[in-house]
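What follows is a set of notes on a single structure, which appears directly below.
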Amino acid sequence: MTTFASAAPFKTSLSLNDQAVLAQQQGQLKRARLLFERAAAAGEALAAYNLAIMRLQGEGGTKQRQQGWQMLEALAATELGQPTQLAQFALGRLYENGRYGRQSSLQALEYYRQAARQGHVEAQVSVALLYFSGAPARGEIPGIPEDLRLAAYWFEQAAQQGDVAAQYILASMYEHGHGVTGNLTAAYRWYHAAALQGDVAAIAKLQRLAVSERTASH
């Protein structure tokens with residue numbers, strides 16, 4: 001994870017958090033860390049998230065990964081909107097990828113779902129993908145069984161928010177009846193939505209479906 005969150009990139013007056021993000025982008029890591037610390041102490045939740053990420057990554061001269069992880073967990077348990085969702089999604093990604101020796105698909109799914117329920121699009125897609133493919137057990141840690149019905153539900157949540165990959169996969173699920181009742185009208189609608197965003201595969205699929213429809217009518 002290398003992306004730091006800025007609340008208002010177009011403001012003429014930058015908050016401490018935004019100043020810290022700018023310093024981090026310019027490679028001024030020590031200054032960024034100090035500004036994040038000041039902003040977090042002043043109650044800026046986005047700064048607390050960014051400081052946690054910085055500590056996890058060991059940026060700004062810090063190696064306090066455990067403290068960074070604990071900061072993310074504390075933030076994920078709050079109800080602060082975007083900072084909470086970012087922390088939940090970050091923890092989901094960490095658990096899914098096994099960063100820092102903590103790998104658990106179940107833990108990843110739980111954190112992803114927390115963010116997804118609040119409308120975090122990437123988390124919705126991540127939940128959908130885990131259900132779509134399932135995840136194997138790892139030693140004593142249980143896996144996640146494939147559940148195409150739940151995958152379709154979460155792909156649809158993300159598709160409604162404009163995620164092009166979710167739109168394409170959902171269209172395919174409707175086309176083939178995977179996890180949903182087969183519905184070519186719905187398939188066309190979601191392929192079209194993806195095509196409008198320039199998705200090449202969706203454009204090609206619409207063309208093939210049109211040819212198949214013309215052939216079938218003759």
Side-chain angles (χ1 to χ4, degrees), residues 1-11 13-25 29-131 135 141 144 150 153-154 157-158 160-163 166:
M1 296 175 299
T2 57
T3 301
F4 288 75
S6 177
F10 301 110
K11 277 188 176 180
S13 178
L14 295 179
S15 68
L16 281 174
N17 177 72
D18 294 335
Q19 292 176 48
V21 170
L22 183 60
Q24 192 275 337
Q25 291 171 343
L29 301 185
K30 184 176 180 179
R31 172 176 166 76
R33 176 173 55 83
L34 291 173
L35 286 169
F36 281 140
E37 288 173 347
R38 284 178 56 196
E44 289 192 44
L46 272 180
Y49 165 78
N50 287 328
L51 182 59
I53 295 300
M54 201 170 202
R55 287 178 174 169
L56 274 169
Q57 295 177 337
E59 293 190 28
T62 67
K63 297 293 182 183
Q64 304 171 48
R65 287 178 177 169
Q66 183 63 32
Q67 187 175 5
W69 193 290
Q70 291 170 349
M71 289 175 67
L72 282 182
E73 288 180 326
L75 193 53
T78 64
E79 296 181 2
L80 297 173
Q82 184 194 15
T84 299
Q85 295 171 35
L86 288 170
Q88 291 164 344
F89 181 71
L91 285 166
R93 206 33 86 72
L94 287 166
Y95 273 114
E96 184 178 13
N97 295 337
R99 293 287 298 274
Y100 314 123
R102 305 187 189 191
Q103 187 160 32
S104 169
S105 296
L106 282 177
Q107 283 285 82
L109 179 62
E110 178 55 31
Y111 278 115
Y112 283 148
R113 280 192 301 208
Q114 289 176 22
R117 292 183 186 119
Q118 298 178 70
H120 190 287
V121 177
E122 289 179 274
Q124 291 172 343
V125 173
S126 295
V127 171
L129 288 171
L130 281 173
Y131 281 130
I141 302 175
I144 298 171
L150 283 173
Y153 171 81
W154 285 109
Q157 300 306 301
Q160 288 172 352
Q161 295 201 72
D163 186 273

Answer yes if the ring centres of Phe89 and Tyr112 are under 6.0 angstrom apart, and no otherwise. yes
Point-to-point distance, once rounded to the nearest 0.5 Å, from [atom1] of [X] to [atom2] of [Y]:
| X | Y | atom1 | atom2 | value |
| --- | --- | --- | --- | --- |
| Asp18 | Glu44 | CG | CD | 7.5 Å |
| Phe36 | Arg31 | CZ | CZ | 11.0 Å |
| Gln67 | Leu51 | CD | CG | 7.5 Å |
| Glu37 | Met54 | CD | CE | 9.0 Å |

Gln124 side chain to Trp154 main-chain N or O, any donor-acceptor pair under 3.5 Å? no
When the side chains of residues 72-79 are checked against the rest of the protein, which donor-acceptor pairs come out under 3.5 Å, sequence neighbours left out?
unit_1	atom_1	unit_2	atom_2	d
Glu73	OE2	Trp69	NE1	3.2
Thr78	OG1	Leu75	O	2.6
Thr78	OG1	Thr84	OG1	2.8

Do you know which two heavy atoms are closest between [X] and [Y], and how far apart they sit?
| X | Y | answer |
| --- | --- | --- |
| Gln161 | Gly119 | NE2-O, 3.0 Å |
| Ala108 | Glu96 | CB-N, 3.6 Å |
| Gln118 | Gln88 | NE2-OE1, 2.8 Å |
| Ala115 | Ala123 | CB-CB, 3.6 Å |
| Ala47 | Ala39 | CB-CB, 3.3 Å |
| Ala20 | Ala32 | O-CB, 3.5 Å |

Is there side-chain contact between [X] and [Y], with heavy atoms separated by less than 4.5 Å?
| X | Y | value |
| --- | --- | --- |
| His120 | Gln114 | no |
| Leu22 | Gln25 | yes |
| Arg33 | Lys30 | yes |

Check the pair Arg102 / Gln107 against side-chain contact (heavy atoms from CB on, under 4.5 Å), numbers first and verdict last. CA-CA 10 Å; Arg102 305 187 189 191; Gln107 283 285 82; over 6 Å; no
Intermediate values then yes/no, side-chain contact (heavy atoms from CB on, under 4.5 Å), Ile141 and Gln103: CA-CA 9 Å; Ile141 302 175; Gln103 187 160 32; over 6 Å; no
Run the side-chain contact (heavy atoms from CB on, under 4.5 Å) test against Ile144 and tell me which residues pass, sequence neighbours left out. Ser105, Leu106, Leu109, Leu130, Tyr131, Ala135
Step by step, would you call Leu14 with Val21 a side-chain contact (heavy atoms from CB on, under 4.5 Å)? CA-CA 10 Å; Leu14 295 179; Val21 170; over 6 Å; no
Across all chains, not counting sequence neighbours, the salt bridge (charged side-chain N to carboxylate O under 4.0 Å, His left out) partners of Glu110 are Arg113
Checking side-chain contact (heavy atoms from CB on, under 4.5 Å) for the pair Leu56/Leu94: CA distance, chi angles, key distance, verdict? CA-CA 10 Å; Leu56 274 169; Leu94 287 166; 3.8 Å; yes
